[in-house]
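There's a structure below that I have some questions on.
Every chain is numbered from 1 and lettered A, B, ... according to where its sequence line falls, protein lines coming before strand lines.
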Amino acid sequence: MTGGQGVAGSNPVAPTNRSLAATVSERTCAAMPDQGLRGARRFWPSPPSPLQVPTMLERNDLMRLRLSKIDAARAAGEIAYPNDFQPSLTGAELIVAQRDSLEPFDAVRAPGTIALHLAGRVMAINVKGKAAFIRLRDRSATDVLQARATENDLRISQGLEARPADASTFQVYMQRNENEELFDRMFKGGERSLDIGDIVGVSGRPFRTRMGEPSLHACTTDLDGQPLAGCTTGQHCIRILTKGIRPLPEKYHGLVDKETRFRQRYVDLIMNDEVREIVRRRSLVMRGVRDFFDARGYLEVETPMMHPILGGAAARPFRTHHNALDMPLYLRIAPELYLKRLVVGGLERVYEINRNFRNEGLSQRHNPEFTMLEFYRAYATFEDLMVEVETLLAELAVNVAGATEVQWGVNSDGSPRMIQLAAPFRRVRIRDGLQEWGGLTLAEIDDEKALRNKADALGVHIDAHATLGKVQVELFEAVAEPYLVQPTFVYEYPAETSPLARRNDQHPQLVDRFELFIGGIEISNAFSELNDPVDQYERFEAQLTQKAKGDEETMEMDLDYVRALEYGLPPTAGCGIGIDRMVMLLTNTDSIREVLLFPHMRPEQRGAAVEDQPKPGVA
RNA sequence: GGGCCGGUAGCUCAGUCGGUAGAGCAGCAGACUUUUAAUCUGUUGGUCGAGGGUUCGAUUCCCUCCCGGCUCACCA
């Protein structure tokens with residue numbers, strides 16, 4: 001943003017096309033935040049009054065010129081935003097279809113040639129005298145990359161010169177002498193010319209350039225001047241379907257600025273192939289998870305995202321309010337208690353993939369809303385779920401990343417750090433880890449003071465309120481982290497940190513729980529579920545005691561959940577897996593923001609004067 | 001919330017030990033009938049994140065604020 005365009009309502013940049021500007025700004029303002037009334041009401045601000053309508057975003061010369069091209073097209077009697085063009089194939093299909101004719105050729109448009117129709121966004125324009133090349137991208141961009149790579153391999157195998165195969169675009173070629181009027185209009189500048197960023201529909205026939213690039217020759221008639229099959233008389237071989245008003249980022253460096261990339265993800269997706277690949281892999285993860293659990297007899301369910309009672313995890317919640325019912329609600333921090341109610345109801349295998357919301361700090365690995373998979377299986381233990389999880393991850397790695405071995409960052413010497421996701425994963429007790437990596441004796445492990453001394457020596461901060469069990473866990477995570485790069489199930493957690501988990505039969509101070517660490521980060525948390533309603537009630541009570549002591553991340557008493565347990569929850573094990581982190585793992589990405597399409601950002605400041613902004617600390 | 005770094009043309013960046021700024025790409029005008037970061041010639045474009053202060057003069061120095069990145073703390 002360049003700012004300085006004044007407060008809303010004043011000093012608008014006069015748009016070239018007034019009718020267009022009016023239409024767009026009417027639509028835009030409805031979705032704009034009401035900055036003037038911020039804080040005036042507790043929950044829902046009033047809709048903006050006409051006096052507070054924000055102006056459209058600022059314009060520059062490049063945009064004004066492009067807007068004027070829309071005017072010119074309208075003045076020429078054209079529909080500025082036509083919607084009657086239908087592509088008959090994708091760019092990737094165009095390339096694959098020519099695979100059997102690797103040799104360059106310049107076949108003429110013999111009568112009977114069938115026209116192909118492609119649509120896409122113009123990513124590059126290359127006018128060379130009386131010939132012009134444009135590069136388009138369509139939804140098949142990922143496949144185009146693959147097709148070009150495959151094609152290049154074929155060329156090499158046939159002794160032909162290799163071509164660069166790193167572009168996700170496909171090429172369209174047009175020759176001036178075949179339609180001088182259209183060629184000049186599109187490529188010779190002036191009021192109606194084509195711009196990078198426009199979305200076009202192109203009709204023509206496939207061919208290869210002299211350099212061997214599979215291309216579409218834009219043309220709608222054969223050499224006799226008769227329409228090609230699939231074209232109508234007078235049809236243009238290139239049509240602008242949507243004019244891009246805003247110029248795209250530079251073609252070589254692309255869009256780099258992270259703030260702009262996350263705020264304007266649409267531009268990021270246009271410019272950066274890697275981003276599209278992450279989105280694609282995330283989609284594969286979601287489908288893979290569903291296939292996995294569906295195949296094992298689980299039912300996918302959706303439970304409330306707005307909870308009247310806080311529970312299922314230890315976390316600070318977002319609070320909201322239902323106006324008509326005049327009641328407070330929490331955005332859910334976990335679906336756990338609802339899912340186990342379903343198991344009580346006889347849905348013995350359920351899973352849910354949905355958002356959790358936690359009102360905590362943001363970091364490379366934390367976003368206020370994140371996607372969680374939770375699944376519950378009756379007549380299973382947490383050990384059974386270890387097998388389920390390692391099987392799932394190995395399967396996903398193959399389906400999404402192509403192998404059970406995936407790269408995750410680099411080692412300290414700069415070499416690729418590889419993670420082996422083939423089952424079985426390593427299993428480590430917290431006590432064993434403290435001995436092996438922390439150099440502690442069993443006596444020290446049960447001595448809170450000794451543990452705290454060790455933590456101080458290591459420079460590890462541990463909360464003063466933490467109980468023995470919590471100190472053990474925190475110290476373990478501190479000393480073990482370097483050893484938790486390869487997938488590792490950590491288990492034998494102390495009971496006080498797990499108010500919903502089943503106690504271990506031999507050691508009641510422990511619970512039957514594991515956490516899975518990969519690449520040093522926690523991916524999964526699971527346990528055999530506590531199904532003793534009396535014990536559960538007492539653990540909720542203990543949570544209330546903690547809350548009274550000032551712990552802000554405790555659960556609330558959920559009597560209905562206890563009532564459900566009183567009807568009988570079969571022996572059940574449940575597991576949560578952070579989908580975002582799993583996608584990070586399978587895309588070799590070190591930031592959760594990269595795997596979220598729209599990571600949380602502070603609101604964009606659009607040139608509003610500083611004195612109009614609420615002062616920090618003033619409610 | 002703390003620390004460090006950053007915000008300059010549509011994009012990617014340089015620069016100004018204080019005298020209102022440059023390049024490449026994009027754009028505009030032109031040459032070029034197989035280019036692919038095309039090439040060649042000419043050229044337009046910036047309240048240098050916002051506000052305040054110091055100064056004859058601030059994009060540059062000082063203060064405050066906004067936004068972002070990295071990092072620490074809390075968390076998954």
Side-chain angles (χ1 to χ4, degrees), chain A residues 1-6 58-66 104 106 123-135 163-164 166-167 169-171 173-178 183 188-190 193 195-197 207-213 215 217 244-263 267 271 313-316 333-334 356 358-368 370-372 461 463 515-517 521-525 552-553 576-581 590-593 601-613 615-616:
Chain A
M1 65 193 160
T2 51
Q5 216 32 268
E58 74 283 355
R59 292 276 160 68
N60 57 46
D61 290 347
L62 282 69
M63 294 175 66
R64 289 194 199 92
L65 178 67
R66 292 177 176 208
D106 246 329
M123 299 306 295
I125 301 174
N126 225 329
V127 182
K128 189 170 187 282
K130 296 181 175 57
F133 301 87
I134 60 179
R135 299 208 66 92
R163 300 286 313 140
D166 58 349
T169 53
F170 57 93
Q171 182 167 270
Y173 172 74
M174 186 181 176
Q175 223 167 301
R176 182 169 187 267
N177 62 5
E178 291 169 358
F183 186 96
K188 287 300 177 186
S193 60
D195 289 298
I196 291 171
F207 83 118
R208 271 176 196 281
T209 65
R210 198 168 293 163
M211 300 304 288
E213 171 96 11
S215 308
H217 178 182
I245 306 301
R246 289 187 178 267
L248 288 180
E250 184 220 350
K251 61 188 166 194
Y252 188 58
H253 299 90
L255 179 63
V256 173
D257 181 74
K258 283 193 182 181
E259 178 174 359
T260 312
R261 285 188 48 227
F262 295 150
R263 285 193 194 281
V267 184
M271 299 307 298
R316 296 191 198 187
I333 56 173
N356 288 347
R358 298 192 182 174
N359 204 343
E360 290 160 357
L362 284 69
S363 81
Q364 241 177 324
R365 289 168 192 173
H366 298 84
N367 195 67
F370 61 102
T371 301
M372 180 77 117
H461 171 80
D463 187 13
E515 291 194 2
L516 172 62
F517 289 83
I521 62 177
E522 186 188 335
I523 294 285
S524 175
N525 179 20
E552 295 184 65
E553 296 181 351
I577 296 180
I579 294 287
D580 310 293
R581 290 179 173 183
D590 66 354
S591 168
I592 195 170
R593 298 157 83 81
M601 306 281 281
R602 288 179 205 245
E604 195 174 354
Q605 303 291 310
R606 281 185 36 204
V610 166
E611 53 266 38
D612 289 345
Q613 300 303 314
K615 297 289 183 290

- Message: Rounded to whole Å, how long is the line connecting atom CG of A:L362 with atom P of B:G2?
- Response: 15 Å
- Opposite nucleotide pairing with B:U64, Watson-Crick or G-U, both atom distances under 3.5 Å: B:A50
- For the side chain of A:E213 and the base of B:U35, is some donor closer than 3.5 Å to an acceptor across the two? no
- Task: Take nucleotides 24-32 of chain B nucleotide by nucleotide from the 5' end and write B, S or -, depending on whether a protein heavy atom sits under 4.0 Å from the base, only from the sugar-phosphate, or from neither.
- Result: BBSSSS--B
- Query: To the nearest Å, how far apart are A:I333 CD1 and B:A76 C1'?
  - Reply: 11 Å
- Query: Within the structure, does a side-chain N or O atom of A:R602 lie under 4.0 Å from either OP1 or OP2 of B:C67?
  - Reply: yes
- Minimum heavy-atom separation for A:I333 to A:R316, with atom names? CG2-O, 4.3 Å
- Message: When the C1' atoms of B:A23 and B:G46 are compared, how many Å lie between them, rounded to an integer?
- Response: 14 Å
- Nearest 0.5 Å, what's the CZ-CD distance between A:R135 and A:E213? 4.5 Å
- Between atom CZ in A:R208 and atom C1' in B:U34, what is the gap in whole Å? 14 Å
- Item | Distance between C1' atoms of B:U8 and B:G42 (Å, rounded) | 26 Å
- Message: Could you tell me how far B:G7 sits from B:C13 if I compare only their P atoms? Round to whole Å.
- Response: 10 Å
- Task: Mind checking the CZ-CD1 spacing from A:R581 to A:I579? Nearest 0.5 Å is all I need.
- Result: 12.5 Å
- Task: Flag the pair A:M174 / A:I134 as yes when at least one side-chain heavy-atom distance between them is below 4.5 Å, and no otherwise.
- Result: no
- Item | C1'-based separation of B:C66 from B:G52 [nearest Å] | 14 Å
- Query: Could you give the distance from NE2 (A:H217) to CD (A:E178), rounded to the nearest 0.5 Å?
  - Reply: 3.5 Å
- Item | N or O in side chain of A:R593 less than 4.0 angstrom from B:G69 OP1/OP2 | yes
- Task: Just compare B:C70, B:C13, B:U36 and give me whichever is closest to any side-chain atom of A:K258.
- Result: B:C70
- Item | First of A:G212 and A:I523 reached from the 5' end of RNA chain B, by closest nucleotide | A:G212
- Task: For B:C28, give its Watson-Crick or G-U wobble partner with both distances under 3.5 Å, or none.
- Result: B:G42
- Whole Å only: how far is the CG atom of A:N359 from the C1' atom of B:G1? 14 Å
- Task: Please check if the side chain of A:R66 supplies one atom and the backbone of A:G244 the other of a donor-acceptor pair under 3.5 Å.
- Result: yes
- If pairing means Watson-Crick or G-U wobble with both distances under 3.5 Å, then the partner of B:G1 is B:C72
- Task: Determine the interatomic distance between P on B:G22 and the same-named atom on B:C17; round to the nearest Å.
- Result: 14 Å
- For A:R316 and B:A76, give me the distance from atom CZ to atom C1', rounded to whole Å. 15 Å
- Scanning all shown strands, the Watson-Crick or wobble mate of B:U16 with both distances under 3.5 Å is none
- Task: Could you measure between the two P atoms, the one in B:A29 and the one in B:C70, and give it in whole Å?
- Result: 42 Å
- d(A:Q175 CD, A:K130 NZ) to nearest 0.5 Å is 11.0 Å
- Query: Does any N or O donor sit under 3.5 Å from an N or O acceptor when you compare the side chain of A:D257 with the base of B:U12?
  - Reply: no
- Item | Closest to side chain of A:Q175, choosing from B:C67, B:U33, B:U12 | B:U33
- How far does CG of A:L65 sit from CG of A:D195, to the nearest 0.5 angstrom? 7.0 Å
- Given atom CZ of A:R261 and atom P of B:U12, what is their separation to the nearest angstrom? 11 Å
- Task: Could you check how far CG of A:N126 sits from C1' of B:U34, rounded to whole Å?
- Result: 10 Å
- Message: Using a 4.0 Å heavy-atom cut-off, does A:G254 contact any base of the nucleic acid, only the sugar-phosphate backbone, or nothing at all?
- Response: sugar-phosphate
- Query: So, is A:Q364 close to the B:U71 phosphate, meaning a side-chain N or O under 4.0 Å from OP1 or OP2?
  - Reply: yes
- B:C11 to B:C4 separation - P atoms, rounded to the nearest Å: 29 Å
- Task: Search all heavy atoms of A:D590 against all heavy atoms of A:Q364 and return the closest pair with its distance.
- Result: O-NE2, 3.3 Å
- Query: Any donor-acceptor pair under 3.5 Å joining the side chain of A:R176 to the base of B:U33?
  - Reply: no
- Length of the CZ-C1' vector between A:R64 and B:G45, whole Å: 11 Å
- Query: Using purine N1 to pyrimidine N3 plus N6-O4 or O6-N4 for Watson-Crick, or N1-O2 and O6-N3 for G-U wobble, each under 3.5 Å, what pairs with B:A37?
  - Reply: none
- Would you give the length of the straight line joining atom NZ of A:K128 to atom CG of A:N126, rounded to the nearest 0.5 angstrom? 9.5 Å
- Message: Say we look at B:U59 and B:A21: how far apart would their P atoms be, to the nearest angstrom?
- Response: 11 Å
